Protein chains: 2
Amino acid sequence: MDKKKSISIKEIAKLSQVSVATVSRVINNNGRFSEETRKRVQKIIDEYGYTTNMAAKSLRMSKSKTIGLIVPNIDNEWFSQLVLKIEKYFFDKNYSVFICNTSQDEEKEVAYFKTLDSKMVDGIICISGIEEIPTNAISRDIPIVCIDRKPKDHANAYYVESNHYSGGYLATEELIKKGCQRIAIVSRNKTLSVNKQRLEGYKQALKDYGLKEYTELQLLLEPSEANYEGARKIINQLVKEGIAFDGVFATNDWRAYGVMVGLAENNINVPSDVKVIGFDDIFISHSCHPSMSTIRQDVSGLALKAASLLMDLIDNKEIQVDQRRFILPVEVIVRDSTDQKIEKSTLD
Amino acid sequence: MDKKKSISIKEIAKLSQVSVATVSRVINNNGRFSEETRKRVQKIIDEYGYTTNMAAKSLRMSKSKTIGLIVPNIDNEWFSQLVLKIEKYFFDKNYSVFICNTSQDEEKEVAYFKTLDSKMVDGIICISGIEEIPTNAISRDIPIVCIDRKPKDHANAYYVESNHYSGGYLATEELIKKGCQRIAIVSRNKTLSVNKQRLEGYKQALKDYGLKEYTELQLLLEPSEANYEGARKIINQLVKEGIAFDGVFATNDWRAYGVMVGLAENNINVPSDVKVIGFDDIFISHSCHPSMSTIRQDVSGLALKAASLLMDLIDNKEIQVDQRRFILPVEVIVRDSTDQKIEKSTLD
DNA sequence: CCTTGATGGGTAAACGTTTCCACACAATCT
DNA sequence: AGATTGTGTGGAAACGTTTACCCATCAAGG
């Protein structure tokens, strides 16, 4: 293996008989040079396949044309969709996106913040995760935008999120409208602001419709179990304990699917015995059987808002105070899992 | 916003009253220094929260502790699983992984190769995609390992893949064993080596079992349509044209799901009228209805082999010729979509 | 007491950029 | 003609590391 080495500006300069300064100016199309030299230099560049050494450029410029993206779980379709939209936005703007999958591990998140910092990223987007952003892991002054994650000091933070409160309300309302009286919520424990808000919406809807709040129906899973499998288990347990319920609001589609599987294992029919609604509207919600009602978030809107906000911050644009935070509306998608109104609950 | 600036080795040196050389030696634990200075320097480092400027380090060392990962579509669960395992492997080895989603766009892939090159990545893993690796986009001499992608010049290439030929064979055999006589294949057109091999396996199985090969049942979709939706459409068309078939081998689970939806739309029952088998064993294959038989690939094995191979190459380890290519076995997963043997085909 | 070798640590060059400054020359204005 | 402005270009410093090379000190061995 003969070590190939990439050609540098200095060599380009020698070959085209100008100074490195001029070559740099030509490459970045910045500063003054004659059309004639431009051609000559460009010719050599093309001929030798010069590419910028980004390490050197970053070092000199203290920026890297790269943004960092902190995401909890890229194998959750909801997150991968977001990631993809964000990546596309920045690719078109000639920025690279450094994707950091934290697997919901706080230590890993901190480690990634440090890495991003030392790699000189020009900005960071954080998706979900805990409210505390480890800003002390960052030594430079770079903009951070959050999605579905409300940083500790709201006041001068930048974030965009769905209206989770409204989502929780609408989901619960849908179940109520279809005749459910004892509605369980399957969520994650209170570390995540999005789940807190969905829970609040749920409670408010119960209250507004005059339904009782049963604490034994508030099932808050531990993070490690807050997925499909955890939801399945907890529903099994609920049934075993003989606690009555006729509706379940699961705060994401994976959990909702787990709920549906758990119900099926106990021969409880959806939607005739128990109705189920999820959150996110990922593919599984319409591929499962029966198809699942859910709350749809505007994934493109979230991605685009967050990305363009960060871009503006990087470009040092002045951001109006009312343009620093966005709450996007959500939408109920009614499918089979909440089909048919129960006129009279069998639970009464 | 007052511009924070990260502290440099030079400043650490001044504060701890040693030279930059010594600080560097302490940081990298390389070279000679007394225990006493180590302590003094480390104290300052901790106190001021020094982090390495990777741009400078990369520039000096011509490497970056980063590897590039080229992947077609991160929102396909199969790929995101691979990505995640690879990321974990390298995270533990203190390497970062730069994930590049090509969206199956060749131009984008080339662009990303150039980016990776200019970012000085220490190695690249390419997942799937076309056979031609744009090596001319790379100016340095870095190792490349492929997964499910057989580079043009096999001879001295590094790759690991599943046994796709065997997978195609087993899938077809499963349908045949369950009594199917006219088996369609829904795949992608021949740009991808994995699909070519699966097709070959399919053909061989037909031959071995004495079944006729019907060209009108070889449905090869264009890349842009080679997904769920494309499969759904083509099945609808097949039915409309009145072409008979009683089994479908779809070369991935998304396409298989599209097939099942298409069949359902035409009131064709799975598995009693037509049996279906997919490939990959992603979540949807057991969450759909009826649950789907499929070919399971060893995702962990693929990820681990590829990652450790690349790691060895980066570490300049000598790789035996027989350790440069790995073909991993696949496994048939039988579920409801190929349940029940048809004793006598209704097509006869 | 002089040599030798080990130990700890400093100096400075190099990595590939960008950009400030200076300078030469030409064109234009007074 | 002299002053001014504009245009194209080059020199060199700076960004933050690593490391080859050098030097000082000290202990041990002759």
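All figures in this text were calculated on a predicted structure; none of them were measured in a lab. Reckoned from all heavy atoms, side chains included, excluding hydrogens, waters and symmetry mates. A note on names: the letters A, B, ... follow the listed sequences, proteins ahead of strands, and every chain is numbered from 1.
The aromatic rings of F98(A) and F98(B) sit perpendicular to each other, their planes meeting at more than 60°, with 30° as the lower class boundary.
Using a distance-only test at 3.5 Å, with no hydrogens or angles considered, no donor-acceptor pair links the side chain of S103(B) to the main chain of D105(B).
Taking the charged nitrogens against the carboxylate oxygens, E131(A) and K152(A) have no contact shorter than 4.0 Å, which rules out a salt bridge.
In this view, R40(B) and E36(B) satisfy the salt bridge (charged side-chain N to carboxylate O under 4.0 Å, His left out) rule, not counting sequence neighbours.
With values rounded to the nearest 0.5 angstrom, T52(A) atom OG1 is found 7.0 Å from I9(A) atom CD1. Here D75(A) contributes atom CG and L84(B) contributes atom CG; the two are 5.0 Å apart, rounded to the nearest 0.5 Å. For the atom pair OG (S96(B)) and CZ (F90(B)), the distance works out to 11.0 Å, reported to the nearest 0.5 Å.
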Under 4.0 Å protein heavy-atom contact, by nucleotide of nucleotides 14-19 of chain C - B base, S sugar-phosphate only = BBBBBB

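At a threshold of 4.0 angstrom between heavy atoms, the contacts of S58(B) with the nucleic acid are absent.
Contacts between residues 38-48 of chain A and DNA chain D, defined by a heavy-atom separation below 4.0 Å, involve no residue at all.
The distance between atom CZ of R32(A) and atom P of dC21(C), rounded to the nearest whole Å, is 14 Å. Going from atom CD of E35(A) over to atom P of dT7(D) covers 15 Å, rounded to whole Å. Atom CD in Q17(B) sits about 10 Å away from atom P in dG10(C), given to the nearest Å.
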Given salt bridge (charged side-chain N to carboxylate O under 4.0 Å, His left out), test D117(A) with R140(A) step by step and report yes or no.
-> CA-CA 7 Å; D117(A) 183 39; R140(A) 297 173 313 128; 3.4 Å; yes

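Applying the 4.0 Å criterion to OP1 and OP2 of dG8(C), one finds that T37(B) has every side-chain N and O outside that range.
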